[in-house]
Structures are given as structure tokens and as C-alpha cells.
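Position 1 is the first residue of the sequence; numbering continues from there.
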Amino acid sequence: MTDIATLLEVGGSVAALGGGAAYTRAKHPAVYWSTLGLPISTARVLSSYGSVMEACGLTVAPSRLRVLAVKATTRREVRPVPPRRGIIRPTSTGLRLRLRLAPGQEPADVAASAERLRHAWGVHAVYVTTLKPGVVELRLVGYDVLRKVRMPRKVAGGPLRVPVALREDATPFLRDYRTIPHQLTLGATLSGKSMYLRHLITGLARQPVALVGIDCKRGVELAPFASRLSALATDPEQAADLLPVLVKEMEDRYDLIKARQGIAPSTPDEEITSDIWGLPDHERPVPIVLFVDEVAELFLVATRKDEERRDEMVTQLIRLAQLGRAAGIYLEVCGQRFGAELGKGATMLRAQLTGRVCHRVNDEASAKMALGDIAPEAVLAACAIAPERPGLAVAGDTSGGWSRIRTPYLSLGDAAETCRASAHMVPDLPALKPFRP
């Protein structure tokens, strides 16, 4: 009877531990990974690495020298050779593992087997990154990091670089205006587009940047950040007055750049520049980021007079998108709907917007307008975003690369407070003072 009672107690303890582990894995995946998932997955990788590589077709025939050495020292069978494995580096969300590819292999071979490796090692996802010729890095993600977003504690930001979201491979998504000067951001109501915009504005609010807003929803999206904005237009009429001022500011900056280029022939090459970033610090004008919320409102017309104004505004936006980068003027164009049916200039404006972020949209045409010309396979991923996952989006650029991202929660009050605390950083731009909110 004593033995039976002991067995029952042990069985109850094991069941309780198993139930606790299952609950922790479902409700607190980060805690589960740190306590149980990490050692289990590490043991799986170490114990099955060779057999998994062979099953995935990632092994090659051994060299003749290796064959002779094995036959001379042992009588065991000569087996195919997997890629040489580096040290396993644990992270808070998974594992990182470097592989040195065998002769004849390429990174695409490993990337094609990512799904097989995921199932073999029991992790949430496997991503492959090329570090240098012949060396790739496997990033094993232990759980769905986009279910509850937790940004990394240390993110390498910088001037005009803002961490706004988390990628599905657990790396931060940075909005870098120096690399991707203009971007189109789409999202239906309650898709998380406004949250994305809040992170952008609060990230830039702490930097020496002029923030300009056009919010044709009477300012309901951008008005809470008015203390940090250098200019704000809340209807198409005000936007029609503001855009020519920005174009004139851009032209003045080009005159400054040209004046700097027209210097003595003895001037060193490093002092000659084609944009504002080559100017000396005391001469360089402050960068300007223009946020356009509900861009479709700028295209909609009701009368002939409205149509003429629309054509002028669209032309000015296209000019800013084509020429603004060198003058330090960057565009963040947002909207619920964006398509060729908006009118003349819509597709031309889109062609100038290098970056694309597509949240959940109401129709496939909007997803195609955002991503179809750069990564057709990303359109399906954008159309599959569920309504119960606000903030989830597909981010891509004209290089063809894309990934799923999700923005962490940021309340409107906290974002507005950040802007109020940074109000002293509003730069002095005389041309924009009439539009200061």
C-alpha cells in the first residue's frame, strides 16, 4: 500500500508539473522558453544535428583524404559530411547557430530546408541569413514572438532611425529614413496603423527633426502631438497652402547645396556634396519628416475647382517624393485605401515611395497596390492578417525583401506626453511658423 501511495504521489507531481509546463507554454511562452524550451531545443540540436542534416539533403560526399583517414583508423562506414557547425548561442527568444557550408552548397539549399529543420528541432520557426560567402546563420525562434510583442532592450538606433516594431524572426524593425527616405503605410480601421504612426512620431520627437503633419480627418490623428509638430494641416484647403511652402523650402535647400558646390577648385572632394548631409554642421538645415494621414482625402474631389487643387497638391507631393531626399525632406504617406482609381498621379506617387508597410486591409487591391509591384508573394501574407491581431503588418521595400512585423502597444496619452516633453526640440523654421499648431 505504501508503494502504491508513493507511486500515486509521484504520478500526481509529474502530472502537475506537466500541466504547469503546458499552461506556461500557452500563456507565458517567454518564461517557458527560458526555463524549459531552451535546454530541450539545445539538446535536440546537439543530439540530432548530423542525422537531421542528412535527412534534409544538406550533406555532401566526404573528401578523399577524409575517406582514407576513416578507413585507415576505423572500420565504420564513411558517411556524408554535414556543414560544419559553430557554437550554439542562446537568446531570449531562441537560438543562433552558424554553419560553414560544404563545397558545392549555397545558402538557398539551407533556406529551402528551413521548414524541415523547424519540425525536426521542435521550434516555432527557422530563418537563414547569409553572413559572408560560405557562412550562414540559422536563427531558431522558440515561440511566436508576434503574439505578445516585447521589443529588445538594446536597439541600435541613431539619427533618423526609429525602432517601431518587431519582426517575426525576433529582430527589431527599424524605420531608417536615410536608407529608405519615403514610405507608404496602409491599414484599415483598427488594423494598428495609428499605433505604428505613434511609434514613429515619438521616436522622432526626441531627435533634432522637424515634424510636419497633414491630417485631413480634422486632425484627430495628429492633433494630440501638436506640441512637437512644426506645422499641421487639418483639411485639404490647409494642405493646399502648406505643400507649396515645403516645395519652396526644398528649392531653397537645393540652392544652398549648389552654392556649396560652386566653391574653389582647390577644395577637397570630401567637402563637395550632392545632399544636405555633406554640408558642415553649422550650415546643414534640419531634416523634415512629412506625415500624410488619409492620403485618399487629398485625391477626392467634388467640383472642378477641387479637381484643380487636387492636381496641384498631388504634383507637389510627387515633387517632394522625387527630389526631397537630397534636401532632407522625407515622406510618410498613410491611408486606409490606396489605388489607381484615386485619380491621376496615384501610381506615380506610389512609385516614389520605396518602403511599404501593409496592415490588414479591406480588399486585395489595396494589398496589391502596396506590395504587388515589389513582392507578389507578400500580398497573400497581407491578405491573411486576422482582425484579432491589430498591429500585425507586412513590411517590404523595392529590393523585393519582406517580412511580418508587429508594433507593440503604445497608448495615445503616453505618446502625447512624450511629444509634450520634447516640445523644446521643435526647430526654428520661419517658413513653417504660419502653420504651427
Side-chain angles (χ1 to χ4, degrees), residues 146 162 164-168 173-177 180-201 213-217 220-222 239 289-300 313-314 317-318 320-321 330-343 345-408 410:
L146 299 185
V162 182
V164 291
L166 189 69
R167 296 182 187 269
E168 58 185 344
F173 174 75
L174 293 174
R175 177 70 177 95
D176 189 349
Y177 288 91
I180 300 177
H182 313 305
Q183 181 170 277
L184 174 64
T185 303
L186 296 183
T189 302
L190 300 179
S191 65
K193 174 172 59 67
S194 298
M195 197 72 63
Y196 181 88
L197 199 59
R198 289 176 197 172
H199 279 274
L200 273 180
I201 293 175
I214 296 178
D215 183 5
C216 291
K217 292 194 300 186
V220 295
E221 290 288 349
L222 299 181
V289 179
L290 171 61
F291 295 94
V292 182
D293 194 40
E294 293 305 334
V295 65
E297 287 293 323
L298 298 181
F299 283 85
L300 298 179
M313 287 192 297
V314 173
L317 274 177
I318 293 173
L320 288 172
Y330 308 97
L331 269 62
E332 197 75 34
V333 179
C334 309
Q336 297 185 34
R337 179 79 174 88
F338 197 86
E341 67 276 6
L342 288 179
T347 53
M348 186 180 297
L349 176 61
R350 181 196 65 165
Q352 301 297 327
L353 305 177
T354 307
R356 311 288 174 81
V357 172
C358 184
H359 295 77
R360 178 179 55 83
V361 289
N362 292 325
D363 59 327
E364 186 179 357
S366 292
K368 287 183 177 178
M369 194 67 174
L371 302 167
D373 61 328
I374 61 172
E377 65 275 10
V379 175
L380 298 177
C383 294
I385 297 176
E388 53 272 11
R389 277 206 163 185
L392 189 64
V394 175
D397 55 60
T398 50
S399 67
W402 65 277
S403 62
R404 293 180 182 85
I405 64 172
R406 194 176 188 189
T407 310
L410 176 64

Do L331 and L320 have side chains that get closer than 4.5 Å, going by heavy atoms? yes
### Task
I would like to know whether L222 and I201 meet side chain to side chain contact (heavy atoms under 4.5 Å, CB included); could you show each step before the answer?
CA-CA 9 Å; L222 299 181; I201 293 175; 3.7 Å; yes
With sequence neighbours left out, the residues meeting side-chain hydrogen bond (donor to acceptor under 3.5 Å, both in side chains) with D176 are R161, T179
Residues A395 and I405: closest non-hydrogen pair is CB-CD1, 3.9 Å
side-chain hydrogen bond (donor to acceptor under 3.5 Å, both in side chains) filter on R350, not counting sequence neighbours, yields none
From the list I385, L392, L166, side-chain contact (heavy atoms from CB on, under 4.5 Å) with R406 holds only for L392
Hits for side chain to side chain contact (heavy atoms under 4.5 Å, CB included) against C216, two or more places apart or cross-chain, chain-then-number order -> I214, P236, E297, L298
Scanning both residues in full, the closest heavy-atom pair of P181 with Y330 reads O-CB, 3.3 Å
Those residues at least two apart in sequence (or on a different chain) that pass side-chain hydrogen bond (donor to acceptor under 3.5 Å, both in side chains) with T407 are none
For P376, the side chain to side chain contact (heavy atoms under 4.5 Å, CB included) test, sequence neighbours excluded, returns none
> Where do E332 and V292 land on the side chain to side chain contact (heavy atoms under 4.5 Å, CB included) test, with the steps shown first?
Replying inline: CA-CA 6 Å; E332 197 75 34; V292 182; over 6 Å; no
For Y196, the ring-ring contact (aromatic ring centres under 6.0 Å, His included) test, sequence neighbours excluded, returns H359
Residues M195 and L410: closest non-hydrogen pair is SD-O, 2.9 Å
A side-chain contact here means heavy atoms from C-beta on lying under 4.5 Å apart; do F291 and L200 qualify? yes
Sorted by chain and number, sequence neighbours left out, salt bridge (Lys or Arg N to Asp or Glu O under 4.0 Å) with R404 holds for E168
Exercise. Heavy atoms, side chains only, cut-off 4.5 Å: are C334 and L197 in contact?
Worked result: yes
With sequence neighbours left out, the residues meeting side chain to side chain contact (heavy atoms under 4.5 Å, CB included) with I180 are R175, T354, D397
Residue set satisfying side chain to side chain contact (heavy atoms under 4.5 Å, CB included) with Q352, at least two apart, ordered chain then number -> A321, Q322
Can a donor-acceptor pair be found, under 3.5 Å and without considering hydrogens, that links the side chain of R360 to the backbone of G187?
no
Of all heavy-atom pairs linking L186 and S366, the shortest is CD1-O, 3.6 Å
Closest non-hydrogen atoms of P408 and H199, given as atom of the first, atom of the second and distance, are O-NE2, 2.9 Å
#### Entry: Y177/Q183 under side-chain hydrogen bond (donor to acceptor under 3.5 Å, both in side chains): CA gap, chis, key distance, verdict
CA-CA 9 Å; Y177 288 91; Q183 181 170 277; over 6 Å; no
### Task
Might you work through the side chain to side chain contact (heavy atoms under 4.5 Å, CB included) test for L174 and V164, ending with a clear yes or no?
CA-CA 6 Å; L174 293 174; V164 291; over 6 Å; no
Smallest heavy-atom separation, L353 atom then H182 atom, equals CD2-CB, 3.6 Å
By side-chain hydrogen bond (donor to acceptor under 3.5 Å, both in side chains), Q336 pairs with (sequence neighbours left out) T189, E294
Exercise. Please walk me through it: do S191 and V361 pass side chain to side chain contact (heavy atoms under 4.5 Å, CB included)?
Worked result: CA-CA 8 Å; S191 65; V361 289; over 6 Å; no
Hits for salt bridge (Lys or Arg N to Asp or Glu O under 4.0 Å) against D293, two or more places apart or cross-chain, chain-then-number order -> K193
Residues passing the ring-ring contact (aromatic ring centres under 6.0 Å, His included) test with F173, sequence neighbours excluded, are none
Quiz item: Has the side chain of R356 got a donor or acceptor atom that lies under 3.5 Å from a matching backbone atom of A370?
Solution: yes
